[in-house]
There are 2 protein chains.
Amino acid sequence: MTGDPAFPQVENAPSGSRRERVRKATSEEIKEIARRHLTAHGASGVSLRAVAREMGMTAPGLYRYFGSLGDLLEALQADLFAELAAAVDAAEAALPAADTDGRLLSALRAVRAWGLANRAEFALLFGPATTQTFPEDGSPASEAGRRFAATFVALFDRLIAEGRFTVPEEPEASPTLCAQLEAFARLTGFGGDRASIGAIRVMLRCWVRFYGIVCMEVFQHLAFVSDDMEALFEAELRDLARDLGVAYQAP
Amino acid sequence: MTGDPAFPQVENAPSGSRRERVRKATSEEIKEIARRHLTAHGASGVSLRAVAREMGMTAPGLYRYFGSLGDLLEALQADLFAELAAAVDAAEAALPAADTDGRLLSALRAVRAWGLANRAEFALLFGPATTQTFPEDGSPASEAGRRFAATFVALFDRLIAEGRFTVPEEPEASPTLCAQLEAFARLTGFGGDRASIGAIRVMLRCWVRFYGIVCMEVFQHLAFVSDDMEALFEAELRDLARDLGVAYQAP
DNA sequence: GTTCTTGCGTGAACGCCGTAAACAAGCAAC
DNA sequence: GTTGCTTGTTTACGGCGTTCACGCAAGAAC
């Protein structure tokens, strides 16, 4: 596996032994085909047999790569979280690093755009947790999700650091809520030094609102209003920006 | 079974011919069993064969009652919307008619409670629209959903009538958004006389926030924060009430 | 009361599916 | 070469949605 058994493996090749490389390749091919089926027919349209058939294998062969159909979906989940995070990063990177406002808006719009362009994928990531797709706590999928979240946590963190939004006076926060918010901050590594409860509360509120509007649109629960909800989304984004002390600007 | 066979159709019996009654009964039994399977194993755990087996029938027999598995799920959807609406109505009815504030809070809490007590059912109603469960526009499921929404529309309507919340100055509403909001008001029969664009906007904003927090909890996307998110929900509800000019009161 | 009709349920069949177990071929190392 | 591990196949089991041809009992018509 590593550097040199005799010393023939000078390793200009990508990485790992030949075995490992080809294994990785087929593993990627499986996920690639499964992704296509996911896109085309939703999560329930992904089947080991169909994937195997498409790549000229038999279904049991896939069990050398994924322990079950659920495992395959979970691996897909991890990849998709990474893909989404990459899309968000790309959207951010297009703007100057100092433009926190623009970057945040751009990042949020990127999530919506990705969700609309990848409905089934979005549903797999953010839809109801079925008996299948159960990202166990330390699993790759769970970690990938955490990394995705980290992107936004970092952005919000900068808002706090820049002292953007005025934390509202909230004396009513119950002890239970405070404890949970603190747990949230700890788990996400949010607001390293200035993690005021109020700030966390504002961030979570915004995240919930954002989740709501995007899910509604992607899951098509407001389709009867209009097929294109961009205007509503932008209006929501404007509100959201105001709450965060961020200067809204049209896309 | 009915009253008298001699000149028989005096109809003290429930309704319809005997045929129709027994048909209705088995139809209900099918849905009842399917509902149990839904509760136990999620939407993907509902199968015609299993339902049939449990009621001592064979699967093809069910096709006399539902055109397909998808149709059965859609019928379930309709029933579940009705059940949820009933739960909301009950929660409302427990309070005096004049107590608009209390009724609204109670109604919203009822939705959350129902969702938590019926996760899979909630997912079927509000989760991603799969290739299965596609409530065609005039379908029973779609109508049931509309009736459920109507409950809340009525409540918000009363808030407007009572002049509760001050519509924020929003000169930025784009023409597209205005058109869509008007379409929304028309389709839901919202705000008969005083349907100001701003009011509709406020209502939709609140609905989106509510949808977001409940979905997050029911779909278990904030489970890492805590297993019991009641405190967070109540905090969100407090904010929401403030925006609507509603007096928050603890449950 | 006999006949006719209609609707209900079954049995068999087709083609999917996930998954397990036994087995054969290929590659790696000694 | 021999040994052992990795890969993939074959075969098999049970479950699934759905279709079709068929019996059969209950209601309608006479």
Side-chain angles (χ1 to χ4, degrees), chain A residues 1-9 13 16-30 33-34 37-38 40-76 130-133, chain B residues 1-2 4-9 11 13 16-30 33-34 37-38 40-76 130-133:
Chain A
M1 289 162 192
T2 72
D4 41 345
F7 33 99
Q9 272 63 359
S17 73
R18 168 177 173 79
R19 276 282 243 260
E20 279 170 342
R21 271 179 292 124
V22 60
R23 180 179 177 80
K24 179 103 180 172
T26 52
S27 183
E28 288 301 320
E29 187 185 355
I30 293 172
I33 297 178
H37 291 196
L38 173 64
H41 310 107
S44 67
V46 179
S47 84
L48 291 179
R49 289 192 119 107
V51 170
R53 204 180 307 132
E54 187 166 333
M55 54 194 287
M57 277 181 65
T58 59
L62 300 191
Y63 280 81
R64 299 288 175 193
Y65 297 90
F66 299 95
S68 71
L69 175 61
D71 286 9
L72 171 54
L73 286 173
E74 200 174 323
L76 265 179
T130 68
T131 323
Q132 305 272 50
T133 175
Chain B
M1 277 174 183
T2 74
D4 38 344
F7 29 105
Q9 271 55 5
E11 291 304 345
S17 71
R18 168 181 170 79
R19 277 280 245 263
E20 279 169 342
R21 272 178 292 125
V22 60
R23 180 181 175 80
K24 179 104 179 172
T26 51
S27 184
E28 288 302 320
E29 188 185 355
I30 294 172
I33 298 177
H37 291 196
L38 173 63
H41 310 107
S44 67
V46 180
S47 84
L48 291 179
R49 288 192 121 108
V51 170
R53 204 179 307 131
E54 186 165 335
M55 53 192 290
M57 279 183 60
T58 57
L62 300 191
Y63 281 81
R64 298 286 176 191
Y65 298 89
F66 299 95
S68 70
L69 175 61
D71 286 9
L72 171 56
L73 285 173
E74 200 174 322
L76 265 179
T130 67
T131 323
Q132 305 273 50
T133 174

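In what follows, chains carry the letters A, B, and so on, assigned in the order in which the sequence lines appear, proteins first and then strands, with residues in each chain numbered from 1.
M55(B) approaches L62(B) most closely through the heavy-atom pair SD-CD2, 4.5 Å. Residue F66(B) comes nearest to A75(B) through the heavy atom pair CE2-CB, 3.7 Å, listed as atom of the first residue, atom of the second, then distance. Here the closest heavy-atom approach between residue A34(A) and residue L76(A) is recorded as CB-CD1, 3.8 Å.
Residue Y65(A) places none of its side-chain N or O atoms closer than 4.0 Å to OP1 or OP2 of dT6(D). Considering only side-chain N and O atoms, T58(A) lies nowhere under 4.0 angstrom from the phosphate OP1 or OP2 of dG8(D).
Atom C1' of nucleotide dC24(D) and atom CE of M57(B) are separated by 14 Å, given to the nearest angstrom. Atom CZ of R23(A) is separated from atom P of dT6(D) by 9 Å (rounded to the nearest Å). Distance CZ (F66(B)) to C1' (dC8(C)): 15 Å, rounded to an integer number of Å. Between the CZ atom of R21(A) and the P atom of dT7(D) there is a distance of 14 Å, rounded to whole Å. Distance CG (L72(B)) to P (dG17(D)): 10 Å, rounded to an integer number of Å. If you measure from atom NZ of K24(A) to atom P of dT6(D), you get 18 Å, rounded to the nearest angstrom.
Nucleic acid contact for G56(B): sugar-phosphate only, since backbone atoms but no base atoms lie under 4.0 Å from a heavy atom of the residue.
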- request: Using a 4.0 Å heavy-atom cut-off, write out nucleotides 16-27 of chain C from 5' to 3' as B (base contacted by protein), S (sugar-phosphate only) or - (no contact).
  value: -BBBBB-----S
Which donor-acceptor pairs under 3.5 Å do side chains of residues 23-30 of chain B form with protein atoms, sequence neighbours excluded?
{"residue": "R23(B)", "atom": "NH1", "partner": "R64(B)", "partner atom": "O", "Å": "3.3"}
{"residue": "R23(B)", "atom": "NH2", "partner": "R64(B)", "partner atom": "O", "Å": "2.6"}
{"residue": "T26(B)", "atom": "OG1", "partner": "V22(B)", "partner atom": "O", "Å": "3.3"}
{"residue": "T26(B)", "atom": "OG1", "partner": "R23(B)", "partner atom": "O", "Å": "2.9"}
{"residue": "T26(B)", "atom": "OG1", "partner": "Y65(B)", "partner atom": "OH", "Å": "3.0"}
{"residue": "E28(B)", "atom": "OE2", "partner": "K31(B)", "partner atom": "NZ", "Å": "3.4"}

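The list of side chain to side chain donor-acceptor pair (under 3.5 Å) pairs with a residue in residues 46-59 of chain B, not counting sequence neighbours, reads R36(B)-E54(B), H37(B)-E54(B).
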